[in-house]
Amino acid sequence: MAGVRLSVPAGRWLVFTTVLGSAMALLDSTVVNVALPRIGLDLGADLPVLQWTVNAYMLTLAGLILLGGALGDRFGRRRVFVTGVVWFSLASLVCGLAPNAGVLIAARALQGIGGALLTPGSLALIQSVIHHDDRARAIGLWSGFGGIGAAIGPFLGGWLVDGPGWRWVFFINVPLAAVCVPVALRHVPETSNPRAHGRFDVLGALLGAATLGLITYALIAAPQKGASPAVVVPAVAGLALGVIFVLVERRRREPMLPLSIFSSHQFSAVNAVTLCVYAAFGGFFFLAVLDLQVVVGYSALAAGTALLPTTTLMLLLSARSGELGKRIGPRIPLTVGPLLCAAGMLLMTRAGVGAVYWRDILPALLVLGMGMVVVVAPLTATVLASVEVARAGLASGVNNAAARAAGLIAVAALPLLAGMGPEAYRSADAFGDTFRRAMPICAGVLVLGAILAWRTVRSDALEQVGEEVGAQAAAGAPAGAEAAARAEPGEGAVRPEGLVCHPECAYHCGVAAPPLDPGDLSAPPPLDPDGRRSGT
């Protein structure tokens with residue numbers, strides 16, 4: 001079914017409930033960071049607990065998000081989306097009621113599972129239900145309102161922490177779910193992919209999550225336990241499971257992560273840039289909120305408000321950045337953007353004791369925000385353009401998961417690299433010193449990303465993909481085979497080889513990860529009098 005028009009109540013209800021559901025996960029990616037200092041003080045927790053409060057959620061979300069989309073295709077997108085919303089809200093309730101750090105971390109991991117179900121499901125519902133002619137507008141509304149939610153997240157989080165308390169950062173998801181679920185059940189039709197078949201790659205998902213989990217544990221434990229067996233064994237086991245994960249995915253008939261997608265050199269290159277960029281973003285936003293509260297002395301509300309310029313700039317200018325990338329090609333934006341972000345992070349070292357916002361903090365956030373504007377939209381467009389149209393959704397999901405995994409590792413590794421002890425966030429002087437050591441590390445990772453982009457990303461990557469598409473087809477299934485297996489009647493035909501798949505999510509705030517984007521899956525252009533398709 002793909003015929004509901006956006007102008008009728010059913011179409012508007014669908015967009016409303018998908019925006020509301022996905023906003024829960026988007027808000028969570030920015031709201032919780034603001035609450036970390038207060039969580040630590042209330043629960044008597046050290047820095048590793050704060051790291052796990054962020055990473056437990058990111059771990060299960062990154063490890064299962066690809067599997068979540070496959071579950072929706074098989075068992076019904078509305079069913080899986082509603083399940084994810086309910087799961088997420090119940091886990092949020094447990095987070096808010098957590099009597100100690102252990103319960104909070106376990107509940108955050110459960111939250112990530114819910115996020116992995118609802119995040120791809122919200123976009124899949126729009127893609128499969130809304131009429132093709134209205135789909136671009138519906139996805140634009142979905143990404144725009146979602147971007148607004150992500151932008152106000154730090155402000156909302158600060159207001160809740162300073163007002164009713166940090167537990168309401170989690171409780172707020174419960175009333176959102178109480179509205180979202182009945183609307184979805186009443187107004188959203190069920191859809192699935194009748195061609196979805198075979199076994200789910202649960203083993204691949206578990207291996208991927210275990211790999212990330214063990215490596216993360218080793219990095220977080222290292223400052224306290226050093227090179228002891230409690231650190232070395234998990235680290236080695238994580239690396240070994242990573243190798244096994246690759247071998248399993250290579251041999252399975254229907255893997256969660258088809259490794260053949262990396263046969264596109266451009267796709268591999270852009271994902272390498274993504275790892276650098278989002279590792280730096282993840283480390284920065286984790287530490288910056290702590291620095292503003294612990295060192296500069298801001299309240300949670302002031303700290304959240306202070307960060308608004310970065311996400312606001314992205315929301316206002318991301319569409320224009322995408323258009324610029326189309327005109328001049330992605331190579332320059334993917335090089336200049338990380339360099340601007342690196343400069344912003346170096347400027348942020350001025351955010352110490354006695355810092356003045358307008359003089360010491362705002363310039364850094366404006367430079368960082370402009371760098372994020374320049375890099376994120378072209379990055380998404382290049383990911384979609386690097387593979388055949390049939391794999392655009394998969395490519396976006398892989399890129400999103402890679403970014404989340406990079407942020408996960410950065411939050412675990414950056415305190416270790418900067419020499420940040422377990423009690424550092426309780427002292428303004430100690431945390432300020434280590435924060436000033438951490439920012440150049442983030443900047444260095446961004447410079448590495450800029451160098452990779454300049455050396456590996458083609459300027460014409462958004463125009464010419466025919467050669468690499470052909471190479472992928474030669475290496476695996478013929479072009480279009482995967483689309484034929486996945487496409488639904490009425491969802492739009494697949495474009496011919498060589499035509500570029502453009503992103504549809506024009507407005508976003510990709511702080512935690514690039515937006516999930518199905519790409520423009522419009523029908524092939526008509527044949528011209530010579531029998532060729534226009535635009536080829």
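- Exactly one of V383, D517, T382 qualifies for a side chain to side chain contact (heavy atoms under 4.5 Å, CB included) with P503. That residue is D517.
- Atom CG of L156 and atom CD1 of I172 lie 4.5 Å apart (nearest 0.5 Å).
- Contact between G204 and E249 at its shortest, heavy atoms only, is CA-OE2, 3.5 Å.
- With a 6.0 Å radius and a threshold of 12 heavy atoms from other residues, nucleotides or ligands, F286 has its CZ atom above the threshold.
- No more than 12 heavy-atom neighbours from other residues, nucleotides or ligands sit within 6.0 angstrom of CZ on F145.
- Salt bridge present: E323 and K326 bring a charged side-chain N and a carboxylate O closer than 4.0 Å.
- Of the inter-residue distances, the one linking T311 atom OG1 with I148 atom CD1 reads 11.0 Å to the nearest 0.5 angstrom.
- In this structure, R5 places its CZ atom where more than 12 heavy-atom neighbours from other residues, nucleotides or ligands lie under 6.0 Å away.
- A side chain to side chain contact (heavy atoms under 4.5 Å, CB included) with L365 is found for one member of T310, L313, T312 and no other, namely T310.
- By the 30° and 60° cut-offs, the orientation of the rings of F88 relative to Y57 is perpendicular.
- Each of V183, V8, T18 was scored for a side chain to side chain contact (heavy atoms under 4.5 Å, CB included) with W13, with one residue passing: V183.
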**OP:** List the steps and the verdict of side-chain hydrogen bond (donor to acceptor under 3.5 Å, both in side chains) for N55 and T216.
**Re:** CA-CA 8 Å; N55 277 355; T216 299; 4.9 Å; no
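- For Y278 and F281, the ring centers are positioned less than 6.0 Å apart.
- Contacts of A401 classified as side-chain contact (heavy atoms from CB on, under 4.5 Å), with partners at least two apart in sequence or in another chain: I65.
- Nearest heavy-atom pair across P514 and N399 is CG-OD1, 3.3 Å.
- To the nearest 0.5 Å, atoms CG (L212) and CE (M58) are separated by 10.0 Å.
- L67 CG to L257 CG: the interatomic distance, rounded to the nearest 0.5 Å, is 12.5 Å.
- How far OG1 of T17 is from CZ of R78: 10.5 Å, rounded to the nearest 0.5 Å.
- Ion pairing of D201 with R253 is absent here, as no side-chain N (NZ or NE/NH1/NH2) approaches a carboxylate O to less than 4.0 Å.
- Paired with F81 under the rule side chain to side chain contact (heavy atoms under 4.5 Å, CB included), one option of S22, P120, C180 passes, and it is C180.
- Here the straight-line distance linking atom CG of L292 with atom CG of L307 works out to 5.5 Å at 0.5 Å rounding.
- A salt bridge is absent between D42 and R38; no separation between the charged side-chain nitrogens and carboxylate oxygens falls under 4.0 Å.
- The number of heavy-atom neighbours closer than 6.0 Å to CZ of R252, taken from other residues, nucleotides and ligands shown, is above 12.
- Relative to the ring axis of F200, R74 places its NZ or CZ within 45° and under 6.0 Å from the centre.
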